[in-house]
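As structure tokens, the structure follows; a few thoughts come after it.
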Protein chains: 4
Amino acid sequence: MTTASVDAVADQDRKGPGRPRSARADEAIIEAVLELLSAGQSADALSIEAVAATAGVGKATIYRRWPNKEALLIDAVTTMKGPIPEPAGVSVRDDLVTLLAGMRTKRMHRYGKVTACLLPELVKSEEMHKVYQAGVVEPRRDVMRGVLRRGVESGELRADLDVELTLLMLSGPAIVQNMLRWNPAVPDEGFAEHLVDAVLRGARA
Amino acid sequence: MTTASVDAVADQDRKGPGRPRSARADEAIIEAVLELLSAGQSADALSIEAVAATAGVGKATIYRRWPNKEALLIDAVTTMKGPIPEPAGVSVRDDLVTLLAGMRTKRMHRYGKVTACLLPELVKSEEMHKVYQAGVVEPRRDVMRGVLRRGVESGELRADLDVELTLLMLSGPAIVQNMLRWNPAVPDEGFAEHLVDAVLRGARA
Amino acid sequence: MTTASVDAVADQDRKGPGRPRSARADEAIIEAVLELLSAGQSADALSIEAVAATAGVGKATIYRRWPNKEALLIDAVTTMKGPIPEPAGVSVRDDLVTLLAGMRTKRMHRYGKVTACLLPELVKSEEMHKVYQAGVVEPRRDVMRGVLRRGVESGELRADLDVELTLLMLSGPAIVQNMLRWNPAVPDEGFAEHLVDAVLRGARA
Amino acid sequence: MTTASVDAVADQDRKGPGRPRSARADEAIIEAVLELLSAGQSADALSIEAVAATAGVGKATIYRRWPNKEALLIDAVTTMKGPIPEPAGVSVRDDLVTLLAGMRTKRMHRYGKVTACLLPELVKSEEMHKVYQAGVVEPRRDVMRGVLRRGVESGELRADLDVELTLLMLSGPAIVQNMLRWNPAVPDEGFAEHLVDAVLRGARA
DNA sequence: TGTTAACCGAGACGGTACGTCACGTCTTACA
DNA sequence: TGTAAGACGTGACGTACCGTCTCGGTTAACA
């Protein structure tokens, strides 16, 4: 007994014949991933079978869209991260604090766990690394890079500032601290402000 | 090789009766892990069964010593990292560069991959996190902390320097860049020097 | 080949409007089944998907015509068996030999394999059993029955001969031996003659 | 949570170390097959997964013992057929009737269905054919062959009787009729007697 | 000469089962 | 008691087909 679905809205530009892919399935799958990540503790214990069952979808429907579990997780994480916050442009310091603090929102409570579970695959597969960089990291880095560049142009920051290294000095500590709780001696409270101030101390004109 | 051999040297202080644990088994297991990590590409694809087969050891012998795969990997990584480099003490700048550059040695070529595969477990299990921090991270951080403290005392660094945050500003970028190739626009060449200089620019007295 | 072509010859009496079924599709499907049975070794490993692909036909086009795989196989087998040989009528013995030998023709090399793969379905489904009996078995049995009846009428065979049982005594051994190689001690050479002679020894008037 | 069984009785002569195979598992698996064949209608719809679930056993435990579904079915069928009936030796006719009637016992009600589902595999795989012949068919044929041979020696049957062909003439009709209901015009009642009488009519001295 | 209804290919859909692999536990015989 | 070997129940893997259901596009008989 099969279930004869009522949904058949294409979600991607295919010209060929054949039944188009169900947009409903896409949503259900991503939603199932996020739900399972919320409920269950571990995120690499997330199995495709469980996702399929939760989404009410066949396994093949998942494998038709994503080549493996990690690609699916990347999409889910991208969805979870939501839109990129646009800084107000008041001052370099405030903009950077806003952006860094945005990495620690409540809705990203489990973002660290999920991303940590992605890392093995990012390190293993060059292709996955590219996808993640291009789809998740670079867009956010672009915003921050814009803030720094405007700071240089406005004279607020040193003219010879190494922008790329500075980006790394801002995001690197935030990542290992937020995600991996690397240095337990550093308090969460006011972390973004302290970090930005420390970095800017060596970056101002 | 089927039957157990002439090895029966205890490696831990037990008084009770019965056959003591074979020290040879411990070595063989760790060695097998490192060999498999070198040979195989992926590091989470390392299975206990393969370790046991390679080491010529029963699975139970492994589980008797380590509670799970990640604990075993932590021990293997610790072995792989080798001794902590002791800085010469000439200048804060040179000492920090030495320490950071030590994270990029040739023999740690695969260190990034292996560690990345540990991260999910570190994030998942609080206990594993503690073990890794205490056994691997903290000893190395202690050395770096000493360098910074001496810099403050000698007046080379600002008196009100936030030492813990500075540690994070040094190790965070190094970790994400070395391990995860986070910002491809930053060159590997001279990375340690550039990073230390940038951090120190805001840290000097 | 994407767009449907110039074929549209109805093969069944429909009156309503709408496009008639393509006779070309029917032929292509049966042909594909026979081709796959020839090429591939096993006959229950024959999948509808493979048939559709080989015939250049959609799966729905097959399911529109046959309710399941076995019904399709029965049609294919019937086609494969070809016309029923009409005995010359010279003598009962020669006619029976002719008919039995006709079950072992070269072109039926794979008939045994295919039919054996049908048996599970025949045993399972009463309806399939009827179809196969009526469409394949009974026509051939009718011819043989005619031979025996003429033998009884002509006095060549015993008047009280149990015709139906004798039919079974002729076809039963031939089936299990040809199809299933039941008794390896019985040679293929001259099998039909030996069997007919042995049966007739107890059947002559 | 695993279940730590209490059974560990070897069922096959292995000398090497390691935990011996559980005899309980063997029984449970065969029993599960027979139970499923009894309950469910179709016998090729019997899945290894269902057998494993019914037997309370892992799939791997089944695959460790039998290479595929059909080999398992052969073992199950052999078990189902039970011991070979030993003829009384009164007369050739009565002995043959006894043996043939033994193929139609009540407990073999479903034997036909099961065997029919084996046939595809027997025809497909030469190796499976040999196993079935040697393990199931030949032992029973040996008994019947002995009856015929004794009949020839005692002068009850013709001296030049083709024993092997006669075996086929007895078993062939019985198989196709009992298993496949080949000729619906032949009644089940008294089938064994009628067949034996007909065959013997041409076989007596 | 348009409808109109059934056909066609392609292929996505929710499923089931496949046979393999690794898990972590257990049970042997031997040392 | 420790050890190597290996069977155990469990459960996920990724693949192959199942039979059903859209799709966009023919194709003929009917209006």
Side-chain angles (χ1 to χ4, degrees), chain A residues 1-8 10 14-22 25 45 47-50 52 56-61 63-64 68-69, chain B residues 1-8 14 16-22 25 47-50 52 56-64 67-69, chain C residues 1-8 10 14-22 25 47-50 52 56-64 67-69, chain D residues 1-8 10 14-22 25 47-50 52 56-61 63-64 67-69:
Chain A
M1 203 246 286
T2 42
T3 53
S5 40
V6 209
D7 59 312
R14 284 197 313 100
K15 38 251 174 185
R19 179 171 171 177
R21 293 196 179 160
S22 158
S47 68
I48 295 280
E49 306 229 326
V57 144
K59 271 198 293 180
T61 301
Y63 283 111
R64 214 173 277 126
N68 50 52
K69 194 193 301 185
Chain B
M1 204 242 289
T2 336
T3 58
S5 347
V6 245
D7 60 311
R14 284 192 315 96
R19 177 171 169 181
R21 289 191 180 166
S22 157
S47 67
I48 294 281
E49 310 230 329
V57 143
K59 276 197 293 178
T61 302
I62 299 181
Y63 281 110
R64 210 172 284 126
N68 52 51
K69 194 195 300 185
Chain C
M1 203 241 288
T2 332
T3 57
S5 350
V6 247
D7 61 311
R14 285 194 316 97
K15 40 252 172 186
R19 177 176 174 177
R21 291 196 178 160
S22 160
S47 67
I48 294 281
E49 307 231 329
V57 143
K59 275 197 293 178
T61 303
I62 298 181
Y63 281 110
R64 212 174 281 124
N68 51 52
K69 194 194 300 185
Chain D
M1 204 248 286
T2 42
T3 54
S5 38
V6 208
D7 59 310
R14 285 196 314 97
K15 40 256 178 179
R19 178 172 172 175
R21 292 194 179 161
S22 158
S47 67
I48 295 281
E49 306 227 325
V57 142
K59 272 198 293 178
T61 300
Y63 282 110
R64 214 174 277 127
N68 51 53
K69 195 194 302 184

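Chain naming here is simple, since letters A, B, ... match the order of the sequence lines and numbering starts at 1 in each.
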_F:dA4 OP1/OP2 closer than 4.0 Å to side-chain N/O of B:Thr61_ = yes

- request: Compare side-chain N and O positions of D:Arg21 against OP1 and OP2 of F:dG6 and report whether any pair is under 4.0 Å apart.
  value: no

Result for 5'-nearest mapping on DNA chain F, choosing between A:Ser47 and D:Val57, is D:Val57

Walking DNA chain F from its 5' end, the first of A:Ala45 and A:Ala60 to be reached, judged by nearest nucleotide, is A:Ala45

Among [options], which nucleotide has an atom closest to any side-chain atom of [X]?
X: B:Tyr63; options: E:dC23, F:dC13, F:dG19; value: E:dC23
X: A:Glu49; options: E:dA22, E:dG9, F:dC13; value: F:dC13
X: C:Ala25; options: E:dC8, F:dC13, F:dA28; value: E:dC8

I need the minimum non-hydrogen distance between [X] and [Y], along with the two atoms involved.
X: A:Ile48; Y: A:Lys69; result: CD1-CA, 4.2 Å
X: D:Lys59; Y: D:Glu49; result: NZ-OE2, 2.7 Å
X: C:Gly58; Y: C:Ala52; result: C-CB, 4.2 Å

In whole angstroms, the gap separating C1' of E:dT25 from CD1 of B:Ile62 amounts to 14 Å

Taken to the nearest whole Å, CD1/B:Ile48 to C1'/E:dT25 is 13 Å

Examine the base of E:dC13 for any acceptor or donor lying under 3.5 Å from a partner atom in the side chain of A:Arg19, and report the outcome as yes or no.
no

Margin query: Regarding F:dG11, can its base be found pairing with the side chain of D:Lys59 as donor and acceptor, where the two atoms are less than 3.5 Å apart?
Written below: no

Per nearest nucleotide of DNA chain E, the residue lying toward the 5' end, C:Arg64 or B:Lys69, is C:Arg64

Comparing A:Ala52 with D:Ala50, nearest DNA chain E nucleotide closer to 5' gives the residue A:Ala52

